[in-house]
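What follows is a short report on a single structure.
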Amino acid sequence: MRMTRMTAIAAAAVLTLGVAACGGEDGEDTGSTGSGSKTFEAGTTMERLNKAQKIIVGTKFDQPGFGLKGLDGKPAGFDVEIGKIIAEELGIPEDKIEYIETPSATREEKIEKGEADIVVATYTINDKRKERIDFAGPYYVAGQNILVKTEDNSITGPDSFKAGDKKVCSVQGSTPAAEIEKHLANKAEQLVVFDVYTKCIDALNTGQVQAVTTDNVILLGFIARNEGKFKLVGENFTEEPYGIGLKKGDTAFRTFINDTLEKAYSDGRYEAAWKETAGKFDENVPTGPAVNRY
Ligand code: GLU
């Protein structure tokens with residue numbers, strides 16, 4: 001793992017040098033234009049966004065630690081910080097980033113329709129989604145877990161739903177909703193789905209469901225915000241590698257984002273982003289998983 005990462009960083013460094021030597025960075029290449037002291041190859045998404053001095057980032061608005069809309073109307077969190085790093089590399093200032101809310105079930109569509117230039121939204125990379133969009137990353141690996149009320153000791157893992165007497169909430173179009181179905185005796189009776197996770201937390205509070213399931217880090221955010229009320233049960237039972245969604249077939253943009261991630265892993269921006277956001281309730285600082293340049 002270590003070697004892989006080192007090799008990846010070395011490869012990225014060679015690539016960066018290569019680009020500079022071709023004149024991409026110093027403006028010698030007449031096929032490149034740009035503003036904000038960056039130049040990009042003509043016709044690329046990078047050039048279009050840089051010239052427009054604007055990027056639309058799809059993210060979550062109700063997930064503490066990853067994407068949570070604040071009183072100032074702007075979302076904050078690890079995903080938002082990743083979006084800012086990408087904008088920075090595109091030469092776009094932070095105040096020119098437009099955020100749109102992308103609940104789980106809407107992410108592919110928002111990318112396909114061009115309503116978002118990128119989606120950074122606790123977005124698990126998988127083959128089904130790759131049929132419609134492409135992913136840069138992963139930039140983080142989460143895992144599915146279950147949240148219950150602190151005093152509830154009756155649910156200890158996904159198989160606690162097999163008896164059929166407990167209800168669990170998740171979100172439409174999410175991987176955890178699909179996964180938990182396999183552990184239910186009766187899907188129609190036991191699975192409650194909403195568009196966003198805060199509605200699941202409300203349903204747990206009112207007793208409509210006995211548990212909420214999604215990625216551990218999302219649940220940890222809700223635990224932190226509701227001190228003493230909730231807990232996780234057992235171990236993570238899936239792997240959820242988070243990617244940055246972009247338009248299918250835009251390989252140059254995907255490569256650019258992957259290069260940006262590797263740069264941020266090694267120059268400290270990635271670690272700082274974590275510590276300022278999700279790191280406030282999860283002290284396991286990630287080192288940045290090897291990106292998958294499929
Ligand atoms: N990572 C999972 C997914 O992409 C769950 C989190 C979410 O719904 O955003 O579906």
Side-chain angles (χ1 to χ4, degrees), residues 57-69 75-83 99-112 115-116 118-147 158 168-183 191-204 209 211-225 230 232 235-246 248 274 277-278 281-282 284 286 289 291-292:
V57 177
T59 194
K60 298 298 186 71
F61 280 5
D62 77 326
Q63 292 179 198
F66 277 78
L68 181 70
K69 201 168 178 174
F78 187 57
D79 283 340
V80 174
E81 292 304 312
I82 295 288
Y99 297 99
I100 60 163
E101 188 180 16
T102 48
S104 301
T106 70
R107 293 174 290 196
E108 289 89 278
E109 191 188 336
K110 291 248 159 62
I111 295 167
E112 285 175 328
E115 289 170 19
I118 53 171
V119 168
V120 198
T122 58
Y123 201 0
T124 296
I125 300 171
N126 65 32
D127 288 343
K128 190 165 167 240
R129 291 172 178 170
K130 275 198 214 159
E131 286 170 13
R132 296 176 62 184
I133 56 129
D134 269 324
F135 284 106
Y139 60 93
Y140 184 75
V141 182
Q144 186 172 350
N145 211 307
I146 296 165
L147 178 102
V168 59
C169 186
S170 197
V171 157
Q172 237 152 18
S174 72
T175 50
E179 172 65 27
I180 202 68
E181 280 185 24
K182 300 177 197 163
H183 302 269
L191 181 61
V192 175
V193 288
F194 291 110
D195 56 345
V196 292
Y197 291 105
T198 36
K199 291 185 186 167
C200 282
I201 297 294
D202 291 346
L204 178 60
V209 298
V212 177
T213 189
T214 185
D215 303 339
N216 61 334
V217 275
I218 299 173
L219 298 174
L220 285 175
F222 289 119
I223 289 174
R225 272 176 72 90
F230 307 124
L232 289 187
E235 299 292 314
N236 295 348
F237 50 96
T238 66
E239 271 209 350
E240 308 291 328
Y242 287 177
I244 293 146
L246 64 139
K248 190 164 173 65
W274 178 265
T277 59
F281 51 77
D282 183 352
N284 301 309
V291 299
N292 177 9

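In each ligand, atom 1 is the first atom listed, and ligand 1 is the first ligand listed. Atom set for the values below is all heavy atoms of this structure, side chains included, hydrogens, waters and symmetry mates excluded.
Considering backbone and side-chain atoms alike, Tyr242 places every N or O at 3.5 Å or more from each N or O of ligand 1. Here's the thing with Ser104: one of its N/O atoms is less than 3.5 angstrom from an N/O atom of ligand 1. In terms of N/O distances under 3.5 Å, ligand 1 is approached by Tyr197. Checked by distance only, ligand 1 and Ser174 stay at 3.5 Å or farther apart across all their nitrogen or oxygen atoms.
Residue Asp79 forms a side-chain contact (heavy atoms from CB on, under 4.5 Å) with just one option from Tyr123, Tyr140, Tyr139, and that option is Tyr139. Checked options Arg107, Glu109, Glu115, Glu108; the residue passing with Thr102 is Arg107 (criterion: side-chain contact (heavy atoms from CB on, under 4.5 Å)). No option in Thr124, Asn236, Asp215, Thr213 other than Thr213 meets the side-chain hydrogen bond (donor to acceptor under 3.5 Å, both in side chains) test with Gln144. The only option from Thr175, Thr122, Asn216 that meets the side-chain hydrogen bond (donor to acceptor under 3.5 Å, both in side chains) definition with Glu240 turns out to be Thr175.
Only the backbone of Ala121 comes within 4.0 Å of ligand 1, judged by heavy-atom distances. The proximity of Gln172 to ligand 1, defined as any non-hydrogen pair under 4.0 Å, does not occur for either the backbone or the side chain.
The atoms of ligand 1 that sit less than 4.0 Å from any heavy atom of Thr214 are 5 (C), 6 (C). Ligand 1 places these atoms under 4.0 Å from at least one heavy atom of Pro176: 2 (C), 5 (C), 10 (O). Heavy-atom contacts of Tyr123 reach the following atoms of ligand 1: 4 (O) (cutoff under 4.0 Å). Ligand 1 places these atoms under 4.0 Å from at least one heavy atom of Ile218: 6 (C).
Distances from atom 10 (O) of ligand 1 to the heavy atoms of Asp215, Thr238, Thr175 put Thr175 nearest.
The closest side-chain heavy-atom distance from Val57 to Ile118 is below 4.5 Å. Contact annotation: the side chain of Val192 approaches that of Phe194 to within less than 4.5 Å [non-hydrogen atoms, C-beta and beyond]. Looking at heavy atoms from C-beta onward, Pro241 lies out of side-chain contact with Phe135 at the 4.5 angstrom threshold. Counting heavy atoms from C-beta outward, Val171 and Thr214 have side chains that stay 4.5 Å or more apart. At a threshold of 4.5 Å between non-hydrogen side-chain atoms, the residues Arg225 and Ile201 do not count as touching.
Using a 4.0 angstrom heavy-atom cutoff, Lys60 counts as in contact with ligand 1. Contact annotation: Arg129 has at least one heavy atom less than 4.0 Å from an atom of ligand 1.
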